[in-house]
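Quick notes on the structure that follows.
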Amino acid sequence: DFELLHKVLLDYHPGLSRYKNLKELTDDLQKSQEEFTKSLTLKEAFLNLHKATSEIECGHTYPNFWNQDRNIQNELFNGEDKLPFSFVLLENEMIVHKNVSKIRLETGSAITHINGLSIFDIVQNLKNYARIDGNNMEKFFKDFSIKGFSKFEAFDIIFPLLYPPKKKQYSVIVRHLDGTVSSRYIKTVSRQQRKELLEERYANYFNNEKNQWDSSYPNDSVAILKLGTFAVWNMDLDWKKFLEDFFKDKRTKKSKHLVLDLRGNEGGLMEVYWKLLTYLTKKPMKLERFEQLVTYEKVVPEHVQYLESWDKSVFDRTNQVVKKDANFYEFKDVGVNFLEIAPSNFAFDGNIFVLMDAANSSAGFYLAKYLRENNLATLIGGISGGNQMGTNGGQFFMLKLPYTGLEVDIPLIGYFPRVSATDSGLVPDYVIERDFNYYHKKWVMESDPDFSKVLELTASNNKNPK
């Protein structure tokens, strides 16, 4: 299985040497391969596979939880071994958001130890299973926090496999809001049990996940447009009409400031942010396209039986691509290196603020990037996910390994900048640290530190707050 994975990666993955020296990566994979020479349980094989793909430092290359066979999901993912609360994970502690257990665990309290291990030590181990692009560890902490809404979340899967509960419970050390520290045993639950209890006890808890697009007007001078995803194929609303109606609205037109809330937005359809940009610029824009590169023209025949894809054209790119250099092919029909954006008649004429965080790793990342490069908005919040050196995605192979039955996602298109870039996410103009104080303000004091910064800047009434 691992030899097949290694060959498929070398033949079809465009980003193997994007963030690491290829020899360094090959050495790392060789160490992982040694683990696969041993007798392994399915759990051990899954963890080793996840750890090996993490060495590539590509956020789209991993044994996809959603794509595993149902019997594998049931054996590895669906146990009654989950923590009974939602939380954010930090370097040294996890901050509790909503608790459904029977022990005292207030919103804003901190878990510092589990089963005698410090959260710091646990985090260092979990980082071996991070799905991040390059060296941008911000996305790891976002991915390994728990909201409790999604069918699968990384911490729910990796943590109990590495640190299984004893008799369906964990021992935890809690630092409470009043400063006292207590040691407790906490019973584990299944994902579905936790979700049902969260919905039962906290009626509006999942509203943010259910209502990904929204608009509001907190006062006469500020309009807020919340876009929690660009994956509009999962939504009932007509997204083009929604945007048009918002920017035509008299309340939007008379507002001096627009707050574009992209927090939680990993991406989706690029067409959405292209359309959105027409409402955010008053003059024509030219967006420099990233290079779109692939490593092959046609799939090797012996690999076909192990690969699946939604797009069958990826198996044979004859007449789709031309040789660029010794390592890559480029698409024939990409066209010019720039995408032209023409402003809408209803383009916003005022200050634009973007609220961002580590979830912005794909289309959300690119929107924030283009707004900054064209000096159209002030960026506020946490450092983004993604990477300024580019990412991999667009089209995928789903590699089914024949012996373990495990699946691995292999992205096929490398989206790389045409100039040198730093190995990091986007750093906002105003960084609001995601630390204990941030979540204490947000959850305990019910204040939004990111939006508070907007109000601070707009209070000055400057035309250009940046």
Side-chain angles (χ1 to χ4, degrees), residues 5-33 49-64 127-140 142-143 266-267 270 287-297 314 317 321-331 334 337 358-366 368-370 373 383-399 408-427:
L5 171 66
H6 199 173
K7 290 174 184 176
V8 167
L9 287 171
L10 288 173
D11 283 352
Y12 311 117
H13 196 297
L16 293 184
S17 59
R18 193 65 192 168
Y19 310 111
K20 276 188 171 181
N21 176 285
L22 193 55
K23 183 183 183 306
E24 179 187 0
L25 177 60
T26 301
D27 291 343
D28 289 337
L29 291 176
Q30 182 63 43
K31 292 175 185 175
S32 297
Q33 185 160 343
L49 192 63
H50 204 301
K51 193 173 184 179
T53 54
S54 294
E55 296 286 358
I56 301 168
E57 297 183 356
C58 167
H60 288 104
T61 307
Y62 76 116
N64 190 326
K127 283 180 179 179
N128 292 316
Y129 304 87
R131 285 178 53 222
I132 58 174
D133 295 302
N135 196 36
N136 186 1
M137 197 55 72
E138 301 293 330
K139 186 68 162 49
F140 160 78
K142 190 76 174 177
D143 284 346
E266 292 203 30
M270 290 187 291
L287 308 182
E288 185 175 33
R289 291 177 182 267
F290 277 34
E291 286 190 291
Q292 298 180 31
L293 305 177
V294 296
T295 61
Y296 69 100
E297 187 173 28
V314 301
R317 298 189 185 277
V321 296
V322 293
K323 193 75 173 175
K324 179 181 184 291
D325 54 37
N327 297 315
F328 293 109
Y329 292 84
E330 58 186 357
F331 289 93
V334 168
N337 294 339
N360 306 144
S361 54
S362 186
F365 168 90
Y366 291 120
K369 175 181 181 293
Y370 288 133
E373 289 176 351
I383 297 171
S384 77
N387 198 293
Q388 296 187 66
M389 290 178 65
T391 55
N392 311 286
Q395 297 171 328
F396 290 82
F397 280 140
M398 289 162 277
L399 170 63
V408 180
D409 277 7
I410 310 290
L412 302 179
I413 303 177
Y415 297 90
F416 304 142
R418 298 175 188 276
V419 296
S420 61
T422 57
D423 182 2
S424 69
L426 283 176
V427 180

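By the ring pair (Phe, Tyr, Trp, His ring centres under 6.0 Å) test, H60 pairs with F396, sequence neighbours left out. Remark: Q395 pairs with D311, R317 by the side chain to side chain donor-acceptor pair (under 3.5 Å) rule, at least two apart or across chains. The side chain to side chain donor-acceptor pair (under 3.5 Å) search around T61 returns H13, not counting sequence neighbours. By the side-chain contact (heavy atoms from CB on, under 4.5 Å) test, T422 pairs with Q388, S424, sequence neighbours left out. Every residue two or more places apart in sequence or in another chain was checked for a salt bridge (Lys or Arg N to Asp or Glu O under 4.0 Å) with E24, and none qualifies. Every residue two or more places apart in sequence or in another chain that forms a ring pair (Phe, Tyr, Trp, His ring centres under 6.0 Å) with Y366 is listed here: F290. The side chain to side chain donor-acceptor pair (under 3.5 Å) search around N136 returns none, not counting sequence neighbours. Residues satisfying the side-chain contact (heavy atoms from CB on, under 4.5 Å) criterion with K23, sequence neighbours excluded, are N21, D27. For E266, the salt bridge (Lys or Arg N to Asp or Glu O under 4.0 Å) criterion is met by K139, not counting sequence neighbours. Residues passing the ring pair (Phe, Tyr, Trp, His ring centres under 6.0 Å) test with Y19: none are found, sequence neighbours excluded. Residues meeting the ring pair (Phe, Tyr, Trp, His ring centres under 6.0 Å) test with F328, sequence neighbours left out: none. Under the salt bridge (Lys or Arg N to Asp or Glu O under 4.0 Å) criterion, D423 pairs with no residue at all, not counting sequence neighbours.
A cation-pi contact, defined as under 6.0 Å to the ring centre and within 45° of the axis, is absent between K324 and Y329.
One distance of note links CG of L29 with NE2 of H6; it measures 5.0 Å at 0.5 Å rounding.
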Any chance you could lay out the salt bridge (charged side-chain N to carboxylate O under 4.0 Å, His left out) test for E373 and K369, step after step, and finish with the verdict? CA-CA 6 Å; E373 289 176 351; K369 175 181 181 293; 2.6 Å; yes
